[in-house]
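Just so you know, ligand 1 is whichever comes first in the structure, and atom 1 is the first atom listed for that ligand.
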Amino acid sequence: MSLLAHRNSPVPKQVSIVEVGARDGLQNEAAQVPTAVKAELVNRLAAAGVMRIETGSFVSPRWVPQMADSADVFASITRRPGVRYSALTPNLQGFERAVAAGADEIAVFAAASEAFSQKNINCGIRESIQRFTDVCDAARAQGIAVRGYVSCAMGCPYQGAVPVADVTLAVRELMALGCYEVSIGDTIGVGTPLQVQQVLSACLQEARADQLAMHFHDTYGQALANLLAGLELGVMTIDSSIAGLGGCPYAKGASGNVATEDVVYMLQGMGLHTGIDLARLVDTSQWICHQLQRRNQSRVALAMGNRNGDH
Ligand code: HMG
Ligand code: MG
């Protein structure tokens, strides 16, 4: 019996994983990753049972050159029925490119920190919400679902502490724009479990638990503990990145998202389902690390690799 079950916690039995490795994971890679590798990563993730895959980003290629080929990635993947392939769009231009590429859903990304908003998307929070209004209106007209992000919910690389009220304001505005889900980003991985519960509890005044997601980078090694804290509040959607790849180019020093393998292993141990085959996920993780010549950041992938005699 799980620790949480003992505590009669309202933890849901099904957890939805949003794999962000092909976007958040790769966007920070200095060397251009071949389009074919990106597409194969997406295909392997889908084959492992991942149902929601952030496949690319239609941002300015001058700002994030690594994502310049997102349309080609969309054109190269083999779509699996039932899998949702999504993309980031900062403005109408990005939205139109995403739709032309065949994205199933899009995501707009706001911040709880003014300074981060300026650095990341070259405009303040107010103006970004105005831009997202246009994007959301266009998406609604075309029947395309929109997800929202709130970056720097637990702290900002430029401003430091971020008031909880600034996080909840962003959640409220994104919900008002029609986002079906808002992902709460610990962009630089500084949060700790009780802080996460404080922030998420406040967000739960603005949105239901099934309208929130947790997007935690693991810079300070707190992400799994933080996810558990959020699960205890009933938030059942988790963003994660295969092999713990990634980081935001506009948040220096921030490491990758929590590794998908580590999340799936933890959830399995707690009797929570994701529909993902852990062994296939670990194979994919080892494969992408080999392609990128990167050390695997997933402890579970490392442990399972060692167990299989694969060093
Ligand atoms: P800007 O320079 O202010 O844009 O950038 P602009 O509207 O003045 O346009 C300048 C040029 O960019 C023009 O081209 C536009 O056509 C072009 P020019 O006439 O000079 O040749 N342009 C575009 N090209 C392609 N696609 C577009 C697009 N928009 C303009 N969509 C902009 C503003 C928002 C575009 C820029 O700042 C940008 O692309 N920022 C994105 C930064 C980014 O991708 N950051 C990482 C993702 S966010 C993240 O990782 C956090 C997250 O994971 C959650 C978390 O962890 O917290 C989501
Ligand atoms: Mg991120």
Side-chain angles (χ1 to χ4, degrees), residues 18-29 54-71 86-101 103 106-113 115-125 127-132 134-135 138 146-158 162 166-167 170-171 174 179 181-191 196 199 212-219 223 226 238-242 244-260:
V18 180
E19 169 61 49
V20 297
R23 193 279 303 171
D24 209 338
L26 297 183
Q27 71 183 7
N28 216 19
E29 284 294 314
E54 210 169 68
T55 302
S57 170
F58 293 93
V59 298
S60 159
R62 269 200 279 131
W63 283 62
V64 185
Q66 186 63 254
M67 291 288 113
D69 64 345
S70 283
S86 63
L88 290 195
T89 58
N91 52 21
L92 263 183
Q93 191 177 342
F95 171 74
E96 276 152 19
R97 291 175 60 214
V99 171
I106 55 135
V108 293
F109 44 110
S113 144
F116 183 80
S117 182
Q118 286 289 352
K119 298 270 188 197
N120 194 41
I121 52 175
N122 205 24
C123 69
I125 299 171
E127 191 184 336
S128 76
I129 296 294
Q130 189 49 52
R131 282 184 197 172
F132 300 152
D134 299 340
V135 173
V146 184
R147 178 176 218 239
Y149 278 103
V150 178
S151 287
C152 298
M154 310 294 159
C156 169
Y158 307 105
V162 172
D166 294 351
V167 182
V171 173
L174 289 170
C179 293
E181 179 177 277
V182 177
S183 183
I184 307 300
D186 186 1
T187 315
I188 52 171
V190 288
V196 164
V199 172
L212 292 177
M214 298 181 278
H215 179 104
F216 298 158
H217 288 258
D218 201 22
T219 320
N226 290 344
I238 295 175
D239 299 357
S240 59
S241 173
I242 187 83
L245 292 173
C248 176
Y250 297 100
K252 245 191 166 19
S255 68
N257 294 83
V258 64
T260 310

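- Backbone and side-chain nitrogen or oxygen atoms of Y250 are examined, and none is located within less than 3.5 angstrom of a nitrogen or oxygen of ligand 1.
- When each atom of ligand 1 is checked for a heavy atom of P61 under 4.0 Å away, the hits are 24 (N), 25 (C).
- Judged by distance alone, the side chain of S70 and the main-chain N or O of S57 form a donor-acceptor pair under 3.5 Å.
- Summary: OD2 is the N/O/S atom of D24 found nearest to the Mg ion (ligand 2).
- Against a heavy-atom cut-off of under 4.0 Å, G94 is close to the following atoms of ligand 1: 31 (N).
- Near F109, with a cut-off below 4.0 Å to any heavy atom, the atoms of ligand 1 are 48 (S).
- Side chains of V108 and C179 form a contact here, defined as non-hydrogen atoms less than 4.5 Å apart.
- Inside a 4.0 Å radius of atom 26 (N) of ligand 1 there is at least one protein heavy atom.
- A heavy-atom distance below 4.5 Å is found between the side chains of F109 and V59.
- In T187, the parts holding a heavy atom less than 4.0 Å from any atom of ligand 1 are both the side chain and the backbone.
- Taking a distance limit of 4.0 Å, we find that atom 1 (P) of ligand 1 is approached by some protein heavy atom.
- Both the backbone and the side chain of V59 come within 4.0 Å of ligand 1, counting heavy atoms alone.
- For the residue pair H215/D186, the side-chain donor-acceptor check at 3.5 Å is not satisfied.
- R131 is not listed as a side-chain neighbour of L92, based on a closest heavy-atom distance of 4.5 Å or more.
- Ranked by closest heavy atom to atom 38 (C) of ligand 1, the top entry among F116, F58, W63 is W63.
- Scanning the protein heavy atoms around atom 3 (O) of ligand 1, the nearest turns out to be N122 ND2, 2.7 Å.
- What sits closest to atom 33 (C) of ligand 1 on the protein, heavy atoms only, is I121 O, 3.6 Å.
- The protein reaches atom 31 (N) of ligand 1 closely, with a heavy atom under 4.0 angstrom from it.
- Taking 2.8 Å as the criterion, D239 does not count as a coordinating residue of the Mg ion (ligand 2), since none of its N, O or S atoms falls below it.
- Using modelled atom types and a 3.5 Å distance limit, the side chains of R97 and Q93 yield no donor-acceptor pair.
- Counting only heavy atoms, the protein never gets under 4.0 Å from atom 19 (O) of ligand 1.
- Considering both main-chain and side-chain atoms, S60 comes within under 3.5 Å of ligand 1 through a nitrogen or oxygen pair.
- Without hydrogens or angle criteria, E19 side chain to I242 main chain gives a donor-acceptor distance under 3.5 Å.
- Taken from CZ in R147 to CG in D239, the straight-line distance is 4.0 Å, to the nearest 0.5 Å.
- Without hydrogens or angle criteria, Y250 side chain to W63 main chain gives a donor-acceptor distance under 3.5 Å.
- Of all protein heavy atoms, the one closest to atom 41 (C) of ligand 1 is N120 O, 3.5 Å.
- Screening I184, I238, V18 against M214 for a side chain to side chain contact (heavy atoms under 4.5 Å, CB included) leaves a single residue, I238.
- Interface atoms of ligand 1 facing N91, defined by a heavy-atom separation under 4.0 Å, are 27 (C), 28 (C), 29 (N), 30 (C), 31 (N), 35 (C).
- Here the straight-line distance linking atom NE2 of H217 with atom CE of M154 works out to 12.0 Å at 0.5 Å rounding.
- In this structure, F95 and I106 have side chains that are in contact, with non-hydrogen atoms separated by less than 4.5 Å.
- Ranked by closest heavy atom to atom 22 (N) of ligand 1, the top entry among Q118, Q93, R62, Q66 is Q93.
- The ligand atoms of ligand 1 that sit less than 4.0 angstrom from a heavy atom of H217 are 56 (O).
- With a 4.0 Å cut-off on non-hydrogen atoms, V20 does not touch ligand 1 at all.
- Residue H215 approaches the Mg ion (ligand 2) most closely through its N/O/S atom NE2.
- For the pair T187/C152, a side-chain contact is recorded, criterion being any heavy-atom separation below 4.5 Å from C-beta on.
- Judged purely by atom type and a 3.5 angstrom limit, D218 uses its side chain to pair as donor or acceptor with the backbone of A223.
- Note: an N/O pair closer than 3.5 Å links R23 and ligand 1 by distance alone.
- Residue, atom and distance of the protein heavy atom nearest to atom 46 (C) of ligand 1 are Q27 OE1, 3.5 Å.
- With hydrogens and angles ignored, the 3.5 Å screen pairs a side-chain donor or acceptor of T219 with a backbone N or O of S255.
- The contact set between ligand 1 and S151, taken as ligand atoms under 4.0 Å from a residue heavy atom, comprises 51 (C), 54 (C), 55 (C), 57 (O).
- Against a heavy-atom cut-off of under 4.0 Å, D24 is close to the following atoms of ligand 1: 53 (O).
- The shortest distance between side-chain heavy atoms of D166 and V150 does not fall below 4.5 Å.
- Within the listing of ligand 1, atoms 47 (C) sit less than 4.0 angstrom from a heavy atom of L88.
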